Amino acid sequence: MLNQDLWDRCIARLEADLPEKEISTWIRPLRVILNDDQMTLLAPNRIVMDRVKSDFLGRIQRTMSSLAAYDVVVNIAVGGTSSDPVRGTSAGGNAAAVLDDTMPYGRGKLDPRYTLASFIEGKSNSQARAAGLQVASAPGGIYNPLLIYGESGLGKTHLMHGIGNAILAEKANARIVYVGAEQWFNQMVSAIRYGRQVEFKNFYRTVDALLIDDIHFLAGKEHSQEEFFHTFNALIDGRKQIVMTCDRYPRELDALDDRLKSRFTWGLSVPIEPPEFETRIAILLAKADVLGVRLPEDVAVLVAQRIRSNVRELEGALHRLNASARLTGAAITAEFARLTLKDMLASYDRAVTLDNIKRTVAAYYNIRLADLTSVRRTRTLARPRQIAMALSKELTRHSYPEIGAAFGKDHTTVLHAVRKVAELCREDDRLKEDYENLLRQLTN
C-alpha cells in the first residue's frame with residue numbers, strides 16, 4: 001500500500017536526478033493524495049499540470065513503481081490544499097487552485113542542443129538560417145519581428161532555440177522567454193481567472209526577447225489576439241526582439257486579426273521548405289554523430305531517398321535504427337535498414353504512385369490526363385510530361401523502362417526527361433518553383 005514514506009523517497013530520487021530549479025518550479029508545488037495503489041498529484045494550476053504531465057509524470061510513475069515493487073497508477077489534476085506542497089496529503093477532495101507566487105510565466109527553457117551551428121543548412125532553409133544569424137547578432141534591429149513559417153517538422157523550433165541561445169551567449173543576463181502560443185494562452189486565462197493580469201502583462205512586456213512558437217494557435221481567439229497585440233507593440237516600441245513560428249504565411253490565416261497580420265510582416269518573414277535530398281543526407285549524418293551512431297553513408301542515402309517529408313520523420317527513422325541495433329547487437333547496414341524500417345518505407349511507397357503523379361501534374365497544369373501519354377510534342381504538353389517523368393523517378397522505385405511504359409514512351413525518353421528537368425531547375429526559377437510545388441503536393 002502506498003504511504004508517505006514512499007512519496008518522500010520518490011522526491012529524494014527526483015532531487016538526485018533533476019536540477020534544483022526544476023524541482024522547485026514543477027515538483028514542490030505539487031500536493032499528493034495516496035490511496036492503495038493509486039496516487040493523485042494536485043497541481044496549483046493548469047500550467048504546472050501540463051508541464052508535469054509532459055515532462056515528469058512518466059518518471060514519477062516509474063520511480064514510485066520501483067519503490068513499491070508493483071505498478072503504481074499516477075494521476076494528475078488541478079487542485080490544492082493548505083498543507084505542505086511536497087509532503088502534504090489530502091483526503092478531503094480538491095480545494096480551489098491557486099497560482100504559486102514563484103511560478104514563472106515562461107513555459108519552456110531553451111534547449112542547449114539546438115544551436116545555429118548545429119542547424120544543417122541547405123537550399124530549403126538557407127534564408128531562414130541567415131536571418132537567424134542576423135537577429136542573433138543584432139536583436140531588436142531591422143529584422144524585428146522575425147517570422148519563420150513552414151510545415152511541421154522542418155526545423156522552425158530548432159532555429160528559434162538557436163537564436164535564443166546565440167543571444168544568451170553574447171549577453172548572459174538577457175531575459176529570453178521561449179513559450180508556445182498554446183501555453184501563453186493558458187497562462188493568460190489563468191492570470192485573468194486569479195486576478196494576475198498586471199503581473200502577466202509586466203512579465204511579457206519587459207523581456208529582452210520573446211520567442212513564441214506556433215503563433216497560428218491564436219487564430220480565432222479574439223481576446224488573446226487583443227492581448228498579444230498590445231504585448232507585441234510594447235516590445236517593438238522598446239526595441240526588444242520578437243521571433244515567431246507559424247505553420248503558414250500569416251496572411252493565409254483567415255481567423256487572425258488584420259492588425260496582427262500586418263504587424264507580423266513588419267520585420268522579416270522567411271519560409272522553411274522540406275529539405276532537398278542532399279540536405280536530408282547531411283541531417284541524418286549529423287544527427288547520427290550527435291547520438292554516437294555509426295551510420296554508413298549508403299544507409300543515409302537509402303533513408304533520405306525514401307523519407308522526404310520532414311526532418312522529424314528522418315530523426316524518427318534514425319532513432320528506430322539505433323534502438324534496433326542496440327537491442328539486437330547488429331551493425332546498421334542497408335539491408336538492416338530495409339528490414340527495420342520496412343513498414344515506414346512501405347507507407348511512403350504507397351503514398352506516391354505513378355497514377356497519382358500523373359493526376360497531380362495534369363491538374364497543376366490544367367491539362368487532360370491523356371495529354372501526358374499522348375504523342376503530341378507541343379511545349380505546353382511536353383514540359384509537364386517531362387516533369388511528371390522526373391517526379392516519377394525521384395518519388396518512386398520504378399525503373400526507367402517501367403516509367404516509360406506508364407507514359408507510353410521508351411526508357412531513353414524518360415532518361416532525357418530527368419536530365420532535362422534537372423538542367424531547367426538550375427536555369428529557370430519559375431520551372432524550379434513548379435517542380436518544388438508539385439514535390440510538396442505529392443509528399444505531404
Side-chain angles (χ1 to χ4, degrees), residues 19 21-22 24-26 29 45-52 54-55 99-116 131-132 135-141 143-148 156-192 194 196-218 221 224-246 260 263-264 266-267:
K21 184 176 179 181
E22 302 222 327
S24 61
T25 302
W26 306 112
N45 55 65
R46 187 175 181 84
I47 303 163
V48 175
M49 183 185 76
D50 287 344
R51 180 63 184 270
V52 171
S54 65
D55 292 359
L99 279 172
D100 190 326
D101 287 339
T102 64
M103 180 64 202
Y105 280 110
R107 161 64 173 89
K109 60 181 182 179
L110 294 173
D111 191 326
R113 298 172 301 170
Y114 292 156
T115 66
L116 293 175
V135 165
S137 66
Y143 296 152
N144 194 22
L146 174 64
L147 175 74
I148 307 163
K156 300 188 301 296
T157 300
H158 181 147
L159 194 53
M160 176 179 277
H161 280 266
I163 292 169
N165 283 318
I167 294 173
L168 279 179
E170 290 296 317
K171 186 180 179 182
N173 63 344
R175 293 187 60 214
I176 314 294
V177 172
Y178 163 74
V179 65
E182 182 175 3
Q183 285 72 42
W184 185 89
F185 168 80
N186 289 336
Q187 292 167 17
M188 186 196 72
V189 171
S190 291
I192 293 171
Y194 299 110
R196 306 285 286 275
Q197 296 100 311
V198 173
E199 182 180 327
F200 174 82
K201 292 174 182 180
N202 287 341
F203 178 87
Y204 278 110
R205 297 181 191 183
T206 57
V207 300
D208 293 311
L210 174 60
L211 317 179
I212 185 159
D213 226 346
D214 298 328
I215 196 68
H216 50 269
F217 179 82
L218 298 184
K221 300 174 176 64
S224 302
Q225 292 183 47
E226 182 69 23
E227 175 60 33
F228 190 73
F229 172 79
H230 295 297
T231 296
F232 182 99
N233 288 342
L235 292 175
I236 294 294
D237 290 345
R239 299 185 63 81
K240 306 301 183 182
Q241 184 66 47
I242 300 173
V243 181
M244 299 173 288
T245 70
C246 189
L260 287 178
R263 280 161 173 75
F264 286 177
W266 274 359

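All values derive from a computational prediction rather than experimental measurement.
Residues Phe264 and Cys246 fail the side-chain proximity criterion, which asks for heavy atoms closer than 4.5 Å. For the pair Arg263/Ile236, no side-chain contact is recorded, criterion being any heavy-atom separation below 4.5 Å from C-beta on. Side-chain contact between His230 and Arg205 is present, with at least one heavy-atom pair separated by less than 4.5 Å. At a threshold of 4.5 Å between non-hydrogen side-chain atoms, the residues Gln241 and Val135 count as touching. Using a 4.5 Å cut-off on side-chain heavy atoms (C-beta onward), His216 and Asp214 make contact.
Atom-to-atom distance recorded for Leu147:CG and Ile215:CD1 is 8.5 Å, nearest 0.5 angstrom. Between the CG atom in Asp111 and the NE2 atom in His161 there is a gap of 6.0 Å [rounded to 0.5 Å]. Going from atom CG of Asp208 over to atom CG of Leu235 covers 9.5 Å, rounded to the nearest 0.5 Å. How far CG of Leu110 is from CD1 of Ile167: 9.0 Å, rounded to the nearest 0.5 Å. One finds the CZ atom of Phe200 at 15.0 Å from the OH atom of Tyr194 (value rounded to the nearest 0.5 Å). Note: Lys240 NZ to Leu210 CG = 12.5 Å, rounded to the nearest 0.5 Å.
When all heavy atoms are compared, the tightest approach of Val52 to Trp26 is CG2-O, 3.6 Å. In plain terms, the two heavy atoms of Met188 and Ser224 that are nearest each other are CE-OG, 3.3 Å. A pairwise comparison of heavy atoms in Ile212 and Met160 identifies O-CE, 3.3 Å as the closest pair. Considering all non-hydrogen atoms of both residues, Ala131 and Tyr143 come closest at O-CD1, 4.4 Å. Taking every heavy atom of both residues into account, Gly164 and Leu211 meet most closely at CA-CD1, 3.9 Å. The two atoms that bring Gln225 and Leu260 nearest to each other are CB-CD1, 3.7 Å, heavy atoms only.
The number of heavy-atom neighbours closer than 6.0 Å to CZ of Arg175, taken from other residues, nucleotides and ligands shown, is above 12. Under a cut-off of 6.0 angstrom, the local environment of CD in Glu170 is sparse, with at most 12 non-hydrogen atoms contributed by other residues, nucleotides or ligands.
In this model, no donor atom of one side chain and acceptor atom of the other lie less than 3.5 Å apart for Asn165 and Tyr114. For the residue pair Glu227/Tyr204, the side-chain donor-acceptor check at 3.5 Å is not satisfied. Side-chain N/O atoms of Asn144 and Arg239 include no donor and acceptor closer than 3.5 Å.
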Yes or no on side-chain contact (heavy atoms from CB on, under 4.5 Å) for Phe229 and Leu218, after CA distance, side-chain angles and deciding distance? CA-CA 11 Å; Phe229 172 79; Leu218 298 184; over 6 Å; no
Can you list the steps and then say if Glu182 with Asp50 is a side-chain contact (heavy atoms from CB on, under 4.5 Å)? CA-CA 11 Å; Glu182 182 175 3; Asp50 287 344; over 6 Å; no
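In terms of modelled atom types and a separation under 3.5 Å, the side chain of His158 and the main chain of Thr115 share a donor-acceptor contact.
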